[in-house]
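Here's the structure we're looking at; comments come further down.
Worth knowing before you read on, the calculation uses all heavy atoms, side chains too, and leaves out hydrogens, waters and symmetry mates.
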Amino acid sequence: MTPGGGPMKECGYSEINTRGTSPMESPHKKKKTVAKRKWEVFPGRNKFYCNGRIMMARQTGVFYLTLILILVTSGLFFAFDCPYLAVKITPAIPVIGGILVFFVMGTLLRTSFSDPGVLPRATPDEAADLERQIDVANGSTSGGYRPPPRTKEVVINGQTVKLKYCFTCKIFRPPRASHCSLCDNCVERFDHHCPWVGNCVGKRNYRFFYMFILSLSFLTVFIFAFVITHVILRSQQSGFLNALKDSPASVLEAVVCFFSVWSIVGLSGFHTYLISSNQTTNEDIKGSWSSKRGKENYNPYSYGNIFMNCCAALCGPMNPSLIDRRGIVQADMAQSVTPSNGLTMYGSTQSQSNMVR
């Protein structure tokens, strides 16, 4: 009731939202930024999985073909050949086969999912500092830009080795390093880019690559030998044609193994030769240490005997990754990386990134 005795009128109040229109708030208020990992802005042509823990090349189609060939052939062998062979010969056959498959898959995934030895690209400050050092060394005092020289020379065990400058990574590559055109990275002790494992093969994963092809050679020979044994034992009981009809999977396994065993065993032998002489595929193809280049040309990385070279390649310490894939991106680093095209641009030197490496 009102003081005059009349009925009270209901008053409706609506809430006024002044959020975003208050003159006290700045219209250019900074948005909250989510911290990015370095793998998310990595300039090379790579794929990352599991928050940067797994690193592969961008082209992985052939890698999946490798997985299918190994798993399907092994699966058919365990399903159609091993039961018969375990009864007729020994139950150790499926056990040995399982160990070989486990080792092959372990070394394959270790090779494919790891950092092969990618060298980090120079930051803008490092690239500018390198250019200043080169200008001072060349006696240049002009203000114009001087492209860095293509090579440097260092002496390793009495042998002169040239270090090439990478215009993409803005660094002088260490000895035995090379720039992979498919992954767009400089890789330490670069051997080759292998599409079958979906990754580069370099300093950090070469031993696993070698163990993969070596164990795959043993597995292929093992399956092929016991598939033939299976067919021969069946043919003695019911004839050759009936044996093929009873186990058609064995025919498929034999064909796959027959056509693949030559290349796999040959590749294993080639890399055994490279390890024994402490060379890389890249060096062997280029003939870097060939005597045809001169009598004084020799491999400065060889230890002089096969045993020491094999120990250095297969039993040496595991080098840590030089790229902190899961680290947090700093503000200055985010400005120097262009994720859209996978190249790093450094002001006045950006025109050099398209030069032939």
Side-chain angles (χ1 to χ4, degrees), residues 37-39 41-50 52-60 63 106-123 126 152 154 156 161-213 271 274-275 277-286 288 299-303 309-327 337 342 344 357:
R37 302 279 185 178
K38 291 182 181 179
W39 67 267
V41 295
F42 188 74
R45 300 191 191 106
N46 294 90
K47 288 181 178 179
F48 294 89
Y49 305 94
C50 299
R53 291 178 177 86
I54 294 176
M55 177 181 183
M56 298 185 70
R58 192 168 293 179
Q59 300 85 5
T60 54
F63 165 72
T107 51
L108 170 61
L109 298 180
R110 187 67 173 83
T111 305
S112 303
F113 292 168
S114 61
D115 168 23
V118 175
L119 294 167
R121 302 190 181 192
T123 63
E126 291 171 344
K152 274 184 179 180
V154 296
I156 299 177
V161 179
K162 290 184 177 180
L163 307 183
K164 293 184 178 180
Y165 182 83
C166 180
F167 288 99
T168 299
C169 301
K170 303 293 186 293
I171 59 172
F172 278 101
R173 301 182 199 128
R176 314 189 89 177
S178 186
H179 192 93
C180 176
S181 58
L182 294 176
C183 295
D184 200 30
N185 295 313
C186 278
V187 179
E188 196 171 7
R189 200 186 183 277
F190 178 77
D191 192 85
H192 68 290
H193 181 95
C194 183
W196 295 99
V197 302
N199 204 350
C200 287
V201 178
K203 186 175 184 177
R204 297 191 69 251
N205 64 350
Y206 180 79
R207 68 182 65 183
F208 302 108
F209 171 78
Y210 177 72
M211 288 188 287
F212 162 64
I213 58 175
H271 279 278
L274 292 179
I275 288 177
S277 58
N278 204 338
Q279 291 189 80
T280 65
T281 302
N282 190 42
E283 292 168 347
D284 184 74
I285 291 175
K286 292 180 178 179
S288 301
N299 183 3
Y301 307 108
S302 176
Y303 289 91
N309 288 334
C310 292
C311 287
L314 302 176
C315 305
M318 188 66 186
N319 296 279
S321 177
L322 299 178
I323 52 172
D324 184 17
R325 309 191 291 275
R326 304 187 67 245
V337 178
T344 305
R357 292 183 289 276

Exercise. Going by the angle between their ring planes, with limits at 30° and 60°, are H271 and Y206 parallel, tilted or perpendicular?
Worked result: tilted
Problem set entry | Straight-line distance of K286 NZ to S178 OG, nearest 0.5 Å | 5.0 Å
Seminar exercise, completed: Here the pair of heavy atoms bringing P175 nearest to I156 is CG-CD1, 3.6 Å
Exercise. Within the side chain of N299, is there an N or O that forms a donor-acceptor pair under 3.5 Å with the backbone of N278?
Worked result: yes
For this session: For the residue pair D191 and T281, confirm or rule out a side-chain donor-acceptor distance under 3.5 Å.
Result: yes
Seminar exercise, completed: Taken to the nearest 0.5 Å, the spacing of M55 CE from N185 CG works out to 5.5 Å
For this session: Give the ring-plane orientation class for W39 versus F48, where under 30° counts as parallel, over 60° as perpendicular and anything between as tilted.
Result: tilted
For this session: Kindly indicate, with the supporting measurements, whether the criterion side-chain contact (heavy atoms from CB on, under 4.5 Å) is fulfilled by F212 and V201.
Result: CA-CA 12 Å; F212 162 64; V201 178; over 6 Å; no
Exercise. Between CG of L108 and CZ of F209, what distance do you get to the nearest 0.5 Å?
Worked result: 10.0 Å
Seminar exercise, completed: For C166 and H179, the nearest pair of non-hydrogen atoms, with its separation, is SG-ND1, 3.4 Å
For this session: Could you pull out the closest heavy-atom pair between T111 and N205, with the gap in Å?
Result: O-ND2, 3.2 Å
Exercise. Any ion pair linking R176 and E283 (charged N to carboxylate O, less than 4.0 Å)?
Worked result: yes
Exercise. Can any side-chain N or O of R326 pair as donor or acceptor with the backbone N or O of G52 at less than 3.5 Å?
Worked result: no
Problem set entry | Close side-chain approach of L119 to P174, heavy-atom, < 4.5 Å | yes
Problem set entry | Close side-chain approach of K38 and I323, heavy atoms under 4.5 Å | no
Exercise. Are I213 and W196 side-chain neighbours, meaning at least one heavy-atom pair lies under 4.5 Å?
Worked result: no
For this session: Could you tell me which non-hydrogen atom of N319 sits nearest to which non-hydrogen atom of R204, and how far apart they are?
Result: O-NE, 2.7 Å
Exercise. Atom CD1 of I171 and atom SG of C186: how far apart are they, to the nearest 0.5 Å?
Worked result: 4.5 Å
Exercise. Quick check: does any side chain N or O of N309 sit under 3.5 Å from a backbone N or O of Y303, one acting as donor and the other as acceptor?
Worked result: yes
Exercise. With no hydrogens and no angle check, do the side chains of N199 and H193 hold a donor and an acceptor under 3.5 Å apart?
Worked result: no
Exercise. If you round to the nearest 0.5 Å, how far is CG of N46 from CE of M56?
Worked result: 10.0 Å
Exercise. To the nearest 0.5 Å, how far apart are CZ in F113 and CZ in F63?
Worked result: 4.5 Å
For this session: Quick one: closest heavy-atom pair of K47 and T60, and the distance?
Result: NZ-OG1, 3.6 Å
Seminar exercise, completed: What one should report as the nearest heavy-atom pair of R207 and L314 is NH1-O, 3.6 Å
Exercise. Does the pair D184/R121 count as a salt bridge with the N-to-O cut at 4.0 Å?
Worked result: yes
